[in-house]
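This report refers to the structure that appears directly beneath it.
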Amino acid sequence: MRIGMGYDVHRLTKGRDLILGGVKIPYEKGLLGHSDADVALHAVMDALLGAAAQGDIGLHFPDTDDAYRGISSLRLLEQVGELLRKEQYQVGNLDLTVIAQRPKLSPYREEMRKNIAQALQISISQVNVKATTEEGLGFTGSGEGISAQAVALLESSKTQR
């Protein structure tokens, strides 16, 4: 078994859609970034890549490459899933926490779980999504940005050396 941790943060800005866990959430601001800036999926991908000792999303999907400009992070997560299968890893489980003062995310948790599970070709029972605020503290509490943390457990079917 291998464990990985992922973290991401993006600034909120006007004129962008808010996409979290592959769900378009109605809100007056969206996240600024090269791709769709989905902090939730970025944290999940970094946790998975870390557990597999495969670097991070910046290595696989650099923000200097126009091929990834505006791309859906669900498509990137699918590619991470393919990499894991190629390396003979199976996801044991994922635990994701999204930190945002607003908007309220609980109505979107199940759709996020479903999106992540489908992209990785795993059971929804292997995916947990939580949301919390920072009670007005820090950059997320003041509404300047949104962050996410994820932990992933991978199991390997290849022979260990």
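What you see is a predicted model; the values in this text were computed from it and never measured. All values below come from the heavy atoms of this structure, side chains included, with hydrogens, waters and symmetry mates left out.
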Completion exercise
Note: L94 and A152 closest approach over all heavy atoms is CD2-CB, 3.4 Å
Exercise for the section: Might you confirm whether atom CD of E135 has over 12 heavy atoms from other residues, nucleotides or ligands at distances under 6.0 Å? Expected result: no
Completion exercise
Output for pair (N93 CG, L153 CG), nearest 0.5 Å, gives 5.5 Å
Exercise for the section: Identify the heavy atoms of L154 and L48 that sit nearest to each other, and give their distance. Expected result: CD1-O, 3.7 Å
Exercise for the section: Count the heavy atoms belonging to other residues, nucleotides or ligands that lie under 6.0 Å from CG of L32, then report whether that count exceeds 12. Expected result: yes
Handout entry: Minimum-distance pair of heavy atoms, taken over all atoms of N115 and G21
Key = ND2-O, 3.0 Å
Problem - Spacing of CG belonging to L84 relative to CD belonging to E155, to within rounding of 0.5 Å - result: 12.5 Å
Practice task
Give the intermediate values and the outcome of side chain to side chain contact (heavy atoms under 4.5 Å, CB included) for residues V44 and V127.
Solution key: CA-CA 10 Å; V44 166; V127 180; over 6 Å; no
Problem - Over all atoms of both residues, closest heavy-atom pair of A150 and A47 - result: O-CB, 3.6 Å
Handout entry: Under 3.5 Å: donor-acceptor pair, side chain of Q126, backbone of V91
Key = yes
Exercise for the section: Give the minimum heavy-atom separation between Q101 and T133, together with the two atoms involved. Expected result: OE1-CB, 3.6 Å
Practice task
Please answer: with hydrophobic residues joined when any side-chain heavy atoms are less than 4.5 Å apart, are L76 and V98 in the same cluster?
Solution key: yes
Exercise for the section: Verify the cluster assignment for V39 and Y108: are they in a single hydrophobic cluster under the rule of side-chain heavy atoms below 4.5 Å apart? Expected result: yes
Exercise for the section: Check whether any side-chain heavy atom of I71 sits under 4.5 Å from a side-chain heavy atom of S73, and report yes or no. Expected result: no
Problem - Selection residues 44-68 - residue pairs positive for side-chain hydrogen bond (donor to acceptor under 3.5 Å, both in side chains), sequence neighbours left out - result: D66-R69
Completion exercise
Rounded to the nearest 0.5 Å, the NZ atom of K130 sits from the CG atom of L96 at a distance of 7.5 Å
Fill in the blank from the handout: Between the NZ atom in K104 and the CD1 atom in I25, the distance rounded to the nearest 0.5 Å is 13.0 Å
Exercise for the section: Could you tell me whether a side-chain N or O of D38 sits under 3.5 Å from a main-chain N or O of G22, the two making a donor and an acceptor? Expected result: yes
Completion exercise
In this structure, CD of Q118 is separated from OG of S123 (nearest 0.5 Å) by 11.5 Å
Handout entry: Close side-chain approach of L49 to L59, heavy-atom, < 4.5 Å
Key = no
Exercise for the section: Establish whether F61 and L120 are linked, either directly or via other cluster members, by ILVMFWY side-chain heavy-atom contacts under 4.5 Å. Expected result: yes
Exercise for the section: Could you check if a side-chain atom of D17 sits within less than 4.5 angstrom of a side-chain atom of D36, using non-hydrogen atoms only? Expected result: no
Handout entry: Same apolar cluster: M45 and V23, side chain cutoff 4.5 Å
Key = yes
Exercise for the section: Would you indicate whether R16, at its atom CZ, is surrounded by more than 12 heavy atoms from other residues, nucleotides or ligands within a distance under 6.0 Å? Expected result: yes
Practice task
Supply the atom-to-atom distance I99 CD1 to E134 CD, rounded to the nearest 0.5 angstrom.
Solution key: 6.0 Å
Exercise for the section: Answer yes if I116 and L83 sit in the same cluster of Ile, Leu, Val, Met, Phe, Trp and Tyr residues linked by side chain heavy atoms under 4.5 Å apart, and no otherwise. Expected result: yes
Exercise for the section: Let me see the working for I19 and L31 under side chain to side chain contact (heavy atoms under 4.5 Å, CB included), right down to the final yes or no. Expected result: CA-CA 8 Å; I19 310 291; L31 294 167; over 6 Å; no
Practice task
For residues I146 and V9, determine if any side-chain heavy atom of one lies less than 4.5 Å from a side-chain heavy atom of the other.
Solution key: no
Problem - Donor-acceptor contact present, side-chain R102 to main-chain Y27, <3.5 Å - result: no
Fill in the blank from the handout: The side chain to side chain contact (heavy atoms under 4.5 Å, CB included) partner of Q121 among E78, Q90, E82, R85 is R85
Problem - Least distance between heavy atoms, I124 atom then R113 atom - result: O-NH2, 2.8 Å
Practice task
May I ask you to decide if A43's main-chain N or O and D8's side chain share a donor-acceptor pair within less than 3.5 Å?
Solution key: no
